[in-house]
2 protein chains.
Amino acid sequence: MSKTILNNYFQSLFPIPEKIVEEITGTFCDFSLSKNTILLNKDTISTKTYFLEKGYMRSYILNQDNEEVTTNIYSAPCFVNDFLSFFKKQPSKEIYQTLTDCSFWETSLDNVQANFHNIPEFREFSRLLFVINYYKLNDRMIEVKSEKAETRYLNLLKQQPNIFQHISLKIIASYLGITDSTLSRIRKELSKI
Amino acid sequence: MSKTILNNYFQSLFPIPEKIVEEITGTFCDFSLSKNTILLNKDTISTKTYFLEKGYMRSYILNQDNEEVTTNIYSAPCFVNDFLSFFKKQPSKEIYQTLTDCSFWETSLDNVQANFHNIPEFREFSRLLFVINYYKLNDRMIEVKSEKAETRYLNLLKQQPNIFQHISLKIIASYLGITDSTLSRIRKELSKI
DNA sequence: ATAAACACTTGACAAATGACAAGAAATTAT
DNA sequence: ATAATTTCTTGTCATTTGTCAAGTGTTTAT
């Protein structure tokens, strides 16, 4: 299994000498999961960091009424982590589930720690990954507070058109913070124009 | 000016030997701002990291209609950072404003970088700060998507009762993602019970 | 091949929230 | 001390979104 995609991902955020990238990704192992499989369940501690090389995933929580609320959608290539669970060794509140067949790279916390403390470039990379993730989440937060559902749908359609080919509208609706009925009506309205 | 509060904050998240904490905070300088002053304006690059020792702040953005949307509320003691602007040297999209008289500690990116690469304990501390901030933001995201305004208000009242003594309801409403009229009605309804 | 489960749409109605305007109360500036 | 500004409340009405239930078409499991 070639590590090209994984290695390129490291290069894409931050210029890192190829030798160092190979040192970082040396401990990563690959595996695959089929559609609708749970990668990380709630109430479990995440012991690995995951890189999604191919496929689509989501994370979701169950609210008081046991309804699923999609918290994030992941399209490869990207890292998939429950930061709190992985770094603080706490039980995850969210469930991470594949939405298509997926292939991954994983490595352990020990390896991440070794890289974090020994490889300056990896430290910078990790921090950048945090900054970018935080910023994306913050943007979504602003959007959900200040835009109505139709605008949020249109933004998503523009920013991640590919997910509509692979993920059900029910899940996309829950990601947008609306019901599937409402999303259906929004799409109907927009199709009239 | 005593660095006790600042030093204790470092100790509170992660056990760090006192000598090392003093090494970390050695480069921090203090300053004060009066109420309703802008600490960091939009379209500017954040060159400092800030620790709010005393007082209350908020960050907000201006939406298309030039309305203020409060993105975060800060109550001392805590770090106040625009991560993307500070670490990626990009213009900030948000405005950071004091809501009461505030006192701060600040240090430069160069100092943060030196600590990040030279002091393992600081690296761990920084990462933990990111993890905690991300997790809080994620929780708020889940809340705003799955709870109605009244529940969000009650949660805020429970989790941060102190802010209601220092921050106007208009700003709190905008933080909750509702109008001040709606917040006023929610409070009226609740007071009846 | 058939049944079961799921995805999507739609209708009728209810609930939540916003928009706008006006007024009272509190705070701030001069 | 007075005026100006801001904060908070409240009324009326419109808009957005949710709830529940039903129906159709598609996918999945056996």
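Order of the sequence lines sets the chain letters (A, B, ...), proteins ahead of strands, with each chain counted from 1.
- Between B:Glu150 atom CD and C:dA16 atom C1' the separation is 11 Å, expressed in whole Å.
- Atom pair B:Arg187:CZ and D:dC8:C1' shows a separation of 9 Å (rounding to whole Å applied).
- The nucleotide whose nearest atom lies closest to any side-chain atom of A:Ser168 is, among D:dT9, C:dC8, C:dT9, C:dC8.
- Residue A:Thr179 places at least one side-chain N or O closer than 4.0 Å to OP1 or OP2 of D:dG18.
- With respect to B:Glu124 and B:Arg127, a salt bridge is recorded, a charged nitrogen being found less than 4.0 Å from a carboxylate O.
- Separating the CD atom of A:Glu147 from the C1' atom of D:dT16 is a distance of 14 Å, rounded to the nearest angstrom.
- Rounded to whole Å, the distance from NZ on A:Lys170 to C1' on D:dT27 is 14 Å.
- OP1 and OP2 of D:dT17 both lie 4.0 Å or more from every side-chain N or O belonging to B:Lys148.
- Counting to the nearest Å, the C1' atom of D:dT7 and the CD1 atom of B:Ile171 are 11 Å from each other.
- Projected onto DNA chain D by closest heavy-atom contact, A:Arg152 and A:Ser181 fall at different nucleotides, the more 5' of which corresponds to A:Arg152.
- With hydrogens and angles ignored, the 3.5 Å screen pairs no side-chain donor or acceptor of A:Thr98 with any backbone N or O of A:Met57.
- The interatomic distance linking B:Leu176 (CG) with C:dT17 (P) rounds to 11 Å, in whole Å.
- Atoms CD1 (B:Ile178) and C1' (D:dT15) sit 17 Å apart, rounded to a whole Å.
- Between A:Phe51 and A:Tyr9, the distance separating the two ring centers is shorter than 6.0 angstrom.
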Item to complete: Before giving the answer on side-chain hydrogen bond (donor to acceptor under 3.5 Å, both in side chains), spell out for A:Tyr134 and B:Asn133 the whole-Å C-alpha distance, their side-chain angles and the decisive distance to 0.1 Å.
Response: CA-CA 8 Å; A:Tyr134 187 87; B:Asn133 275 298; 4.7 Å; no

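- For B:Phe130 and B:Phe83, the distance between ring centers is under 6.0 angstrom.
- Using a 4.0 Å cut-off, no side-chain N or O of B:Thr182 falls inside it from OP1 or OP2 of C:dT17.
- Distances were taken from every side-chain heavy atom of A:Arg185 (C-beta onward) to each of C:dT28, C:dT9, D:dG18; the shortest belongs to D:dG18.
- Rounded to a whole Å, the CG atom of A:Leu169 is 17 Å from the P atom of C:dC6.
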